[in-house]
Amino acid sequence: MNVVLNNIGKKYEGREAFTLKNINLEIDDKDFCVILGPSGCGKTTLLRMIAGLNSITEGDLLFDNKRMNKVPSKDRDIAMVFQSYALYPHMTVYDNMAFSLSMRKERKNIIHDRVMEAAELLQIKEYLYSKPSDISGGQRQRVALGRAMVRKPSVFLMDEPLSNLDAKLREHMRVELVRLHKALGTTSIYVTHDQTEAMTMATKIVLMNDGKIQQAGKPDEFYNRPANIFVAKFIGSPTMNIIDGQMVKGKFVANHGLITITPSKQDAKSLEAFEGKPVSVGIRPERFESGGEFGDTFSATIEVVEMLGKEKILYAKLENGSEIIISTPGHYKYAVDEEHNFGFDVEAIHFFDTETGLRIN
Ligand code: ATP
């Protein structure tokens, strides 16, 4: 099923401002759409509007071209998985999973087949007759997924379903969710503030800030062509370096001339209108050339070295005190207080209009 949001807005009663405004979004059939953004940006509000748990103040919500604004939640053919698994503690795993179908007065043999099918896929068959209190957090989360799956909904809605799990289990469940989505092919909408979850699971990411969509697209578009400085800084770890400077005779100059960048021919064209104006350069920590013997280079003193195994993260300072974060392969040797030359990978430089924050190249 495809889900379309046309100019959706939300104003909570008693609030002066709109929490969400002008939300336009198309989620295709079988998409795994991740709604991403910082705390308070309106992700849950949006998900609850799609679920029918929050009213829609303005705009249209369409499921397969049918307007859903006034359709009650129970008639929307959706299933929700929450951060708190909300399992019934006095019921077995089996009964928890069977509950919604029993309420619908589904036939016993159909309920049994569906529960067993979901339990098989989620590998929880051996816990079917345990109580939620007797299984681990990860297993409980799977039961919550199973409970949603047995309903065979047209859309899965998930609100931070992995945030209660420890890091290792989260990593594992990410892969499981991708596998599950591949097997079921159900349109899924997943809310998180974790950019790694978005980058690894989504077929489509929607990044929000302050009640507005900042960018919507595929994960690689977010990494390679962030639409503005907010998106550039939100995606990627460590965070992209943003260097404020200006265009002087076709070159980008920053930090009193300590950094000069000659744009590629194509970028130079896009930058023509910015001659003499403030421009910000974005460069990801992993896109510096260490050693930097060719092209534009700069010198920086290393203050802190973080050894993460496969990579080393260098926190370096330019002569004027500005910080640059550089990621290098873990086996490269760097020591604190050493001065090094670094170069830029010209293909990986993002130019932004400093005033609006919008992408230029
Ligand atoms: P988080 O990641 O912290 O859950 P979020 O992005 O999901 O945040 P929402 O929970 O949608 O954000 O909240 C967005 C804004 O709407 C916040 O300013 C919040 O205070 C406000 N809000 C949420 N629910 C209500 C409500 N029932 N009544 C009034 N304001 C609300």
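First listed ligand is number 1; within each ligand, the first listed atom is number 1. Scope of the values below: all heavy atoms of this structure, side chains included, with no hydrogens, waters or symmetry mates. The shown structure was predicted, so the numbers you read here are calculated from the model rather than taken from an experiment. Sequence positions, counted from 1, serve as the residue numbers for this chain.
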Student: Please state which protein non-hydrogen atom is closest to atom 8 (O) of ligand 1 and give its distance, to 0.1 Å?
Tutor: Gly40 N, 2.8 Å

Student: Can you tell me the protein heavy atom closest to atom 21 (C) of ligand 1 and the distance?
Tutor: Tyr12 CE1, 4.0 Å

Student: Compute whether any side-chain donor of one residue and acceptor of the other, for Tyr190 and Glu197, lie under 3.5 angstrom apart.
Tutor: yes

Student: List ligand 1 atoms under 4.0 Å from Pro38, heavy atoms only on the residue side.
Tutor: 6 (O)

Student: Can you pull out the closest protein heavy atom to atom 12 (O) of ligand 1? Residue, atom name and distance to 0.1 Å, please.
Tutor: Gly42 N, 3.3 Å

Student: Which atoms of ligand 1 are found less than 4.0 Å from any heavy atom of Thr19?
Tutor: 14 (C), 15 (C), 16 (O)

Student: So for Gly37, does at least one of its heavy atoms come nearer than 4.0 angstrom to any atom of ligand 1?
Tutor: no

Student: Could you tell me if Lys10 sits above the aromatic ring of Tyr12, with its cationic atom closer than 6.0 Å to the ring centre and no more than 45 degrees from the axis?
Tutor: yes

Student: Give a yes or no on whether the ring-centroid distance for Phe288 and Phe298 is below 6.0 angstrom.
Tutor: yes

Student: Going through the checks in order, is the side-chain contact (heavy atoms from CB on, under 4.5 Å) test met by Ile243 and Phe252?
Tutor: CA-CA 10 Å; Ile243 306 166; Phe252 171 81; 4.3 Å; yes

Student: Report, in ascending order of atom number, the atoms of ligand 1 lying under 4.0 Å from any heavy atom of Thr45.
Tutor: 9 (P), 11 (O), 13 (O), 14 (C)

Student: Would you sort out whether Glu303 and Lys317 count as a salt bridge (charged side-chain N to carboxylate O under 4.0 Å, His left out), showing the intermediate values?
Tutor: CA-CA 7 Å; Glu303 284 210 322; Lys317 284 232 156 118; 3.5 Å; yes

Student: Taking the ring centre of each residue, are His112 and Tyr94 less than 6.0 Å apart?
Tutor: yes

Student: Kindly confirm or rule out a cation-pi arrangement of Lys21 over Phe18, judged by NZ or CZ under 6.0 Å from the six-membered ring centre and within 45° of its axis?
Tutor: yes

Student: Please state which part of Arg15 comes within less than 4.0 Å of ligand 1, counting heavy atoms only: side chain, backbone, both or neither.
Tutor: side chain

Student: Give the residue, atom name and distance (to 0.1 Å) of the protein heavy atom nearest atom 2 (O) of ligand 1.
Tutor: Lys43 NZ, 2.9 Å

Student: Just heavy atoms, cut-off under 4.0 Å: does Thr44 contact ligand 1 by side chain, backbone, both, or neither?
Tutor: both

Student: Just wondering, more than 12 heavy atoms not from Met103 lying within 6.0 Å of its CE?
Tutor: no

Student: Is Glu13 close to ligand 1, meaning an N/O of one under 3.5 Å from an N/O of the other?
Tutor: no

Student: Who's the nearest protein heavy-atom neighbour of atom 3 (O) of ligand 1, and how far?
Tutor: Ser39 OG, 2.6 Å

